Number of protein chains: 2
Amino acid sequence: MSGGRSDKRRAILDGALTEFGRDGYARASIDAIAAAAGVSTRTIYAHFGNKAGLFESVIQESATRVADTQIAIVERHLGKVVHLEADLEAFGLELTEPMTGFRDHFSLVRHVNADLDHIPPAAIEAWQDAGPRRVVGALADRLRQLADRGLLALGVPAENDPDAAAKLAASHLMLLVQGAVPFHHGVGANREPDRESMVQAGVRVFLRGYLPAPGSGSRRPAAG
Amino acid sequence: MSGGRSDKRRAILDGALTEFGRDGYARASIDAIAAAAGVSTRTIYAHFGNKAGLFESVIQESATRVADTQIAIVERHLGKVVHLEADLEAFGLELTEPMTGFRDHFSLVRHVNADLDHIPPAAIEAWQDAGPRRVVGALADRLRQLADRGLLALGVPAENDPDAAAKLAASHLMLLVQGAVPFHHGVGANREPDRESMVQAGVRVFLRGYLPAPGSGSRRPAAG
DNA sequence: GCCGAAGTACAACCAACGTTTTACTATTTG
DNA sequence: CAAATAGTAAAACGTTGGTTGTACTTCGGC
């Protein structure tokens, strides 16, 4: 019918993302994952060895997909900037959308951030490299490009990492824009409908922080 | 020696905070908590009924203590403001300090935020009311006071919640300032020593966003 | 000195879970 | 056809963990 042989692997990854995302590593059971994937538990062990191996595959694969999506959004809105504020707002709006679309993934990420002590460092590095660092890097590239055009002032770079200023600004933008979306059903006392205004506010704050002082070629935002 | 009878309860709460913070609810075991508290497991059930009851007591108690500390920091630095930027920086610096001092608590909070689906809503509300909402409220009060003096421009308030603008600004400040401290040993690619400069950067961004336009009594920061 | 509250040590119960084993089926490939 | 490959179903193993029951100890207050 649907597949030649092995969409089993895909089904397992999907089911595991759902279960791990909802319940976290410890609570999620192999049996539940097998049921969600429509697969026998033995097949999971055949593909991924053990629970830990499955988990690493799940987060790395999911992070890659999400990062690809987010980088595409970065490029779409910040590749050719015509009106900085409007483009940043559109960027932020579309960036916070996947957080509902990829609900399971971001739920999983929260679990990972809480469980860092129980995850092998190699797995963490692999995940960060495949996901968040790639996004921040892409965003930093675009911000530096805008700074070169004189549209932004990113501040003085550090000696060791010349991109530190751009990465910091990128982190700030992500923080301000993603802080707009509540973790869950209204934990931060924020309601859904004001996502747009929350993003606008975040962008406005970002711009106030990183707009070059009027009448300066490309200076740092302020004196220490 | 040290106590008449029942510091047992305190010892249990402390030990449980350590264990829950390191391992999360599911992984933390009653036996380990009992051992950490120097107490028999039976005593834990005598005091708190069951694991869930213990957990709720732990987070509520801990959140209250941390919030008290943070509110004191808010008042100390933002009660009598003389030099806004310097005071905000000192505030941010001292606010991010407890995150290492109360390491277990913030670790626990990350677990809670990831485990929201598995925690009774009543417990979540109680925790939010006892902790984060009180801090944001206190900070918002001070920001509104600064806005009244014309030192800040918080934006237009919403109809339903007149304090929404102040609370949003307070959330932004917390976000920018606390985003400076890495979750763990360098997950965000940030190193410890630059906490000071991270806080400075965050405050600078905040001020650029919420400083009143020069030569305006008390306007909103920008047009929509 | 006695009572009762609080605590302890220890065993036991029961359920859940990760993992392996075994026996069996279906499908592809040479 | 034969052999390998991938998958399934179900039981079993060993461990861990939450929870309870029970008998024993402390110790402060009357």
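Note that this is a predicted model, so its numbers are computed, not measured. Letters A, B, ... are given to chains in the order of the sequence lines, protein chains preceding strands, and every chain is numbered from 1.
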In whole angstroms, the gap separating C1' of D:dT26 from CG of B:Asp7 amounts to 15 Å
From the list A:Arg27, A:Arg110, A:Arg22, salt bridge (Lys or Arg N to Asp or Glu O under 4.0 Å) with B:Asp115 holds only for A:Arg27
When rounded to the nearest 0.5 Å, the distance separating CG of A:Leu13 from CZ of A:Phe20 is 10.5 Å
The helix from C:dG1-D:dC30 to C:dG30-D:dC1: angle between terminal helix axes, five bp per end, to the nearest 10 degrees, reads 10°
Side-chain atoms of B:Tyr45 come closest, of D:dT8, C:dT19, D:dT20, to D:dT20
Those residues at least two apart in sequence (or on a different chain) that pass salt bridge (Lys or Arg N to Asp or Glu O under 4.0 Å) with A:Arg76 are A:Glu94
Practice prompt. Return no unless some side-chain N or O of B:His47 is found under 4.0 Å from OP1 or OP2 of C:dG7.
Written response: yes
inquiry  = Checking B:Arg144 against B:Asp141 for the salt bridge (charged side-chain N to carboxylate O under 4.0 Å, His left out) test, could you report, in this order, the C-alpha distance in whole Å, the side-chain angles of both residues, the deciding distance, and whether it holds?
reply    = CA-CA 5 Å; B:Arg144 194 152 11 83; B:Asp141 284 347; 2.9 Å; yes
Residues in residues 49-60 of chain A with a heavy atom under 4.0 Å of DNA chain C, by number, are A:Asn50, A:Lys51
Rounded to whole Å, the OH-P distance (A:Tyr25 to C:dC17) equals 14 Å
Begin with the C-alpha distance, continue with both residues' side-chain angles, and end with the deciding distance and a verdict on ring-ring contact (aromatic ring centres under 6.0 Å, His included) for A:Tyr210 and A:Phe206.
CA-CA 6 Å; A:Tyr210 288 101; A:Phe206 174 81; 4.9 Å; yes
B:Glu19 atom CD is separated from D:dG17 atom C1', nearest whole Å, by 14 Å
Chi angles and distances behind the side chain to side chain contact (heavy atoms under 4.5 Å, CB included) call for B:Val58, B:Phe48 = CA-CA 10 Å; B:Val58 166; B:Phe48 301 96; over 6 Å; no
Output for pair (A:Leu95 CG, A:Met174 CE), nearest 0.5 Å, gives 5.5 Å
Residues in residues 26-44 of chain B with a heavy atom under 4.0 Å of DNA chain C, by number, are B:Gly38, B:Val39, B:Ser40, B:Arg42, B:Thr43
Residue set satisfying side chain to side chain donor-acceptor pair (under 3.5 Å) with B:Glu75, at least two apart, ordered chain then number -> B:Arg142
Q. Counting N and O atoms only, with roles assigned by atom type, does the side chain of B:Lys51 sit under 3.5 Å from a partner on the main chain of B:Tyr25, one being a donor and the other an acceptor?
A. yes
Between the CD1 atom in A:Ile124 and the CG atom in A:Asn113, the distance rounded to the nearest 0.5 Å is 9.0 Å
Those residues at least two apart in sequence (or on a different chain) that pass side chain to side chain donor-acceptor pair (under 3.5 Å) with B:Asp31 are none
